[in-house]
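Remarks on the structure that follows.
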Amino acid sequence: MHGNPNLKRAGTTGLIMVAYWLMKSEPHVYPYEQLVADGSTHWDGVRNYQARNMMRDDMKEGDLVLFYHSNFKPPHVAGIARVCKEGYPDFTAQDPNSKYFDSKATPENPRWMMVDIAPVMQLEQIIPLEDIRNNPECEGMLLIRKGQRLSVQPVEEEHFLAVMRMANLSLSDLS
DNA sequence: GCCAACGTTGGC
DNA sequence: GCCAACGTTGGC
């Protein structure tokens with residue numbers, strides 16, 4: 001039960017092993033601009049076991065993240081982020097004053113986990129969901145699978161690179 | 001605002 | 001362990 005056996009962590013540069021993710025945020029709640037203003041943030045409030053498991057087991061420091069704005073017209077990728085702190089307990093689950101409070105979460109069994117992310121680059125032009133859906137290079141991407149609603153999801157390298165190309169970016173632009 | 005898809009809960 | 005009911009997600 002440890003780690004995702006399907007997760008590829010192939011080294012793009014041959015030196016640094018990076019995996020890719022997509023994280024959804026509602027811009028009315030927490031937009032990419034806020035991540036830039038904050039410098040980094042803890043990704044609290046995820047209450048889905050699949051997403052939790054990925055944050056707990058699979059997301060590593062330096063992994064790259066497509067920061068996605070959901071519940072917005074149009075829904076879109078707004079920027080690139082990176083994981084800057086690996087999985088640790090989501091303390092909001094143990095805070096009775098938090099809207100994410102979960103009475104089953106304890107210090108011994110925190111139940112929910114989170115990672116920290118930091119901004120890497122805001123896209124000069126957002127990439128709308130529809131453009132991703134219409135891009136043959138993005139075929140098979142979880143984001144555009146019917147019924148898919150995971151707020152944290154793995155992204156294959158070829159798909160990450162395809163989205164980057166849509167933004168006229170390459171990996172070297174991120175360093 | 002609608003609603004399909006999905007995850008969780010809880011009775012049995 | 002099944003599954004109906006319910007709540008949430010999130011595109012449209």
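Residue numbers begin at 1 in each chain, while the letters A, B, ... track the order of the sequences. Keep in mind the model is a prediction, meaning the values are calculated, not measured.
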From CZ of R47(A) across to P of dT9(B) the rounded distance in Å is 12 Å
Separation of dC6(B) atom P from L150(A) atom CG, nearest Å, is 11 Å
Atom CG of L22(A) and atom C1' of dG11(C) are separated, to the nearest Å, by 15 Å
Name each donor-acceptor pair under 3.5 Å that joins a side chain in residues 90-104 of chain A to protein atoms two or more places apart or in another chain, with its distance.
| unit_1 | atom_1 | unit_2 | atom_2 | d |
| --- | --- | --- | --- | --- |
| D90(A) | OD1 | T92(A) | N | 2.9 |
| D90(A) | OD1 | T92(A) | OG1 | 2.5 |
| D90(A) | OD2 | G45(A) | N | 2.8 |
| D90(A) | OD2 | R47(A) | NH1 | 2.9 |
| D90(A) | OD2 | R47(A) | NH2 | 3.4 |
| D90(A) | OD2 | T92(A) | OG1 | 3.4 |
| T92(A) | OG1 | R47(A) | NH2 | 3.2 |
| D95(A) | OD1 | N97(A) | N | 2.8 |
| S98(A) | OG | Y100(A) | N | 2.9 |
| D102(A) | OD1 | K104(A) | N | 2.8 |
| D102(A) | OD2 | R111(A) | NE | 2.8 |
| D102(A) | OD2 | R111(A) | NH2 | 3.1 |
| D102(A) | OD2 | W112(A) | NE1 | 2.7 |

Only residue of M55(A), M23(A), M113(A) satisfying side-chain contact (heavy atoms from CB on, under 4.5 Å) with V46(A) is M55(A)
Got a list of protein N/O to nucleotides 2-4 of chain B N/O distances below 3.5 Å?
none

Below the 4.0 Å mark, does dG11(C) have OP1 or OP2 next to a side-chain nitrogen or oxygen of Y68(A)? yes
Between OH of Y49(A) and C1' of dT9(B) the distance, given in whole Å, is 11 Å
Contacts table for residues 75-89 of chain A: side-chain donor-acceptor under 3.5 angstrom, sequence neighbours left out:
| unit_1 | atom_1 | unit_2 | atom_2 | d |
| --- | --- | --- | --- | --- |
| H76(A) | ND1 | P74(A) | O | 2.8 |
| H76(A) | NE2 | H69(A) | ND1 | 2.9 |
| E86(A) | OE2 | E61(A) | N | 2.8 |
| Y88(A) | OH | D116(A) | OD1 | 2.5 |
| Y88(A) | OH | D116(A) | OD2 | 3.4 |

I132(A) CD1 to dG11(C) C1', in whole Å, measures 14 Å
N/O (side chain, K24(A)) to phosphate O (OP1/OP2, dG10(C)) under 4.0 Å
yes
To the nearest angstrom, the CD-P distance between Q153(A) and dG11(C) comes to 10 Å
**Message:** Are M114(A) and F67(A) connected into the same hydrophobic cluster when the rule is that any two of I, L, V, M, F, W, Y join if their side-chain heavy atoms are below 4.5 Å apart?
**Reply:** no
Exactly one candidate in V152(A), L143(A), L150(A) meets side-chain contact (heavy atoms from CB on, under 4.5 Å) with K24(A); the answer is L143(A)
Per the under-4.0 Å heavy-atom filter, residues of residues 92-117 of chain A near DNA chain C come out as none
Rounded to whole Å, CZ of R145(A) lies from P of dC6(B) at a distance of 10 Å
> Just checking Q50(A): base, sugar-phosphate only, or nothing, at a heavy-atom cut-off of under 4.0 Å?
Replying inline: sugar-phosphate
Could you pull out all donor-acceptor pairs under 3.5 Å where a side-chain atom in residues 158-168 of chain A meets a protein atom, sequence neighbours excluded?
| unit_1 | atom_1 | unit_2 | atom_2 | d |
| --- | --- | --- | --- | --- |
| H159(A) | NE2 | E139(A) | O | 2.8 |
| R165(A) | NH2 | E137(A) | OE1 | 3.4 |

Exercise. Is there a chain of hydrophobic side chains (I, L, V, M, F, W, Y, each step under 4.5 Å between heavy atoms) that links W43(A) to L142(A)?
Worked result: no
**Request:** Classify the nucleic acid contact of R133(A) as base, sugar-phosphate or nothing, counting any heavy atom under 4.0 Å across all strands shown.
**Result:** sugar-phosphate
Whichever of Q148(A) and K73(A) has the more 5' nearest nucleotide on DNA chain B, that residue is K73(A)
L129(A) CG to dT9(C) C1', in whole Å, measures 14 Å
message = Under a 3.5 Å cutoff, is there a donor and acceptor pairing between the side chains of Q122(A) and E33(A)?
response = yes
Sequence neighbours excluded, the answer for salt bridge (Lys or Arg N to Asp or Glu O under 4.0 Å) partners of E130(A) is none
